[in-house]
Amino acid sequence: MISVLSGGVGAARLLSALSRVLEPSEITAIVNVGDDLVLHGLTICPDLDTISYTLAGLNNDEAGWGLRGESWRVMDELSELGGAAWFRLGDRDLATHLYRSQRISEGATKSDVTRELCQRWGVQVRLLPVTNDTVATEFDTPLGRLSFQQYFVEHHHDVVVSGIEVVGADTAHAAPDVLETLRECSRIVIAPSNPLISIDPILQVPGVREVLARRRDDVVAVSPIISGAALKGPADRLLAELGHDVSCVGVADYYEGLIGTFIIDQADADLRDVISARGVKVEVTTTVMADPDDALRLARVVLA
Ligand code: FO1
């Protein structure tokens, strides 16, 4: 059984490929909840939803989030009313948030709701939110403190960040089975998700970082940075703004003491020795998951 620390799109694609090599029930995704928000009174969990929609074959591949074949009648009406329509919730996607919010109001946890939704959609990979407590990733910017989705969606991650805080992480409790699974699995994979805003909020939940440090030789990370740039999202920009090297070396350093093996793209093959010198094994392959075959090749390297 393997565990995969997971953010959104990059993790979803890797999990999908891993589940073509391993029995899906042998894979547990431990998922970031720092992007979660309450909007219109609804609890929305973007990373959990991106992963479950992808594994169920329901995701909108082009956007990287939401459902395919979506319609937007509710958002259109909401715009007419002058409501908050900057965070687009499709008509079908809304059903997920309504279901989750109602179940939470009845006393269910995010873990419970995730299990119920995955069962309904036939998703056999086990998805565990890293915590059921409220943790919220926030950004210090010249515009003031911004919530995750204000920064990411409302401002298109086009604002300078001077600090990131995962509010609530220090007092959060890992959700049931998270630490046990991390302790007992044969391998821990860090998906090619944003290290600062997708993986770090998972590592900050008490107990998680400690297990990885103890099991370092069994931890394999995939670099989300190729030739000094992120394929999607603000990872490169955030690394620079927060004083890290904008390269796969910068990511390896960010995970210092936590990883035994680092997988980098062939475009960065010349950096192999720099990373090896830090006492980390390096594998070089194609890490871009442009199509399912590329993703499958990467999954085989992750499991090798
Ligand atoms: N991303 C956007 O860029 N624009 C949106 O309007 C948007 C809506 C949205 C609704 C539900 C959901 O689960 C995700 C959504 N996302 C949207 C994606 C998203 O919030 C980010 O990509 C992640 O939080 C970063 O991993």
Side-chain angles (χ1 to χ4, degrees), residues 4-16 29-56 58-76 78-79 83-101 104 110 113-114 117-118 121 123 127 129-130 134-139 146-159 161 164 166-167 190-202 224 230-238 289:
V4 185
L5 304 195
S6 302
V9 185
R13 290 198 181 145
L14 181 61
L15 285 162
S16 187
I30 297 182
V31 183
N32 172 39
V33 290
D35 306 15
D36 293 8
L37 68 161
V38 175
L39 187 64
H40 317 300
L42 302 175
T43 300
I44 302 164
C45 303
D47 285 350
L48 283 165
D49 290 344
T50 294
I51 293 172
S52 50
Y53 289 166
T54 301
L55 294 174
L58 300 169
N59 63 305
N60 177 339
D61 269 336
E62 249 163 63
W65 53 272
L67 288 159
R68 67 172 58 147
E70 190 55 281
S71 58
W72 302 95
R73 295 186 63 175
V74 174
M75 282 294 113
D76 292 345
L78 187 63
S79 286
W86 57 271
F87 194 75
R88 311 279 296 156
L89 298 170
D91 299 334
R92 296 176 63 214
D93 186 33
L94 268 167
T96 302
H97 315 309
L98 287 167
Y99 179 86
R100 176 184 295 115
S101 306
I104 287 175
K110 280 183 192 172
V113 180
T114 303
L117 288 170
C118 284
W121 291 323
V123 172
L127 265 59
V130 64
T134 301
V135 294
T137 304
E138 295 183 352
F139 298 84
L146 297 181
S147 71
F148 188 97
Q149 301 299 346
Q150 279 175 317
Y151 164 75
F152 204 94
V153 174
E154 195 175 10
H155 294 284
H156 312 287
H157 43 76
D158 192 15
V159 47
V161 170
I164 301 174
V166 186
V167 178
I190 302 181
S193 301
N194 188 318
L196 299 140
I197 59 174
S198 297
I199 302 301
D200 203 49
I202 301 176
L231 286 178
K232 197 172 190 293
D236 43 9
R237 190 178 162 152
L238 286 172
M289 292 178 278

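As the structure lists them, so they are numbered: ligands from 1, and atoms in each ligand from 1.
The ligand atoms of ligand 1 that sit less than 4.0 angstrom from a heavy atom of Leu89 are 10 (C), 11 (C). Close contacts of ligand 1 with Trp86, meaning ligand atoms under 4.0 Å from a residue heavy atom, involve 6 (O).
The residue from Leu37, Asp47, Leu94 that puts a heavy atom closest to atom 26 (O) of ligand 1 is Asp47. Within the set His156, Arg88, His97, Lys232, the minimum heavy-atom distance to atom 6 (O) of ligand 1 is found for Arg88. When Asp35, Ile197, Asp36 are checked for heavy-atom proximity to atom 23 (C) of ligand 1, Asp35 turns out nearest. Among Phe87, Trp65, Phe152, Phe148, the residue whose heavy atom sits closest to atom 1 (N) of ligand 1 is Trp65.
Protein heavy atom closest to atom 13 (O) of ligand 1, with residue, atom name and distance, is Pro46 CA, 3.3 Å. The protein atom (non-hydrogen) at minimum distance from atom 19 (C) of ligand 1 is Gln149 OE1, 4.0 Å.
Residue contacts with ligand 1 for Val9 are absent, since no atom lies close enough (heavy atoms, distance under 4.0 Å). Contacts with ligand 1 closer than 4.0 Å are made by side-chain heavy atoms of Asp93 only, the backbone lying farther away.
Between the side chain of Asn32 and the backbone N or O of Ile199 there is no donor-acceptor pair closer than 3.5 Å.
In this structure, Arg88 does not pair ionically with Asp93, as no charged nitrogen and carboxylate oxygen lie closer than 4.0 Å.
Checked against the 6.0 Å centroid threshold, Trp65 and Tyr53 do not count as a close aromatic pair.
Note: no N/O pair closer than 3.5 Å links Asp49 and ligand 1 by distance alone.
Between Phe152 and Phe148, the angle of the ring planes stays under 30°, which puts this pair in the parallel group of the 30/60° scheme.
Looking only at atom types and distance, the side chain of Thr137 has no donor-acceptor partner in the side chain of Tyr151 under 3.5 Å away.
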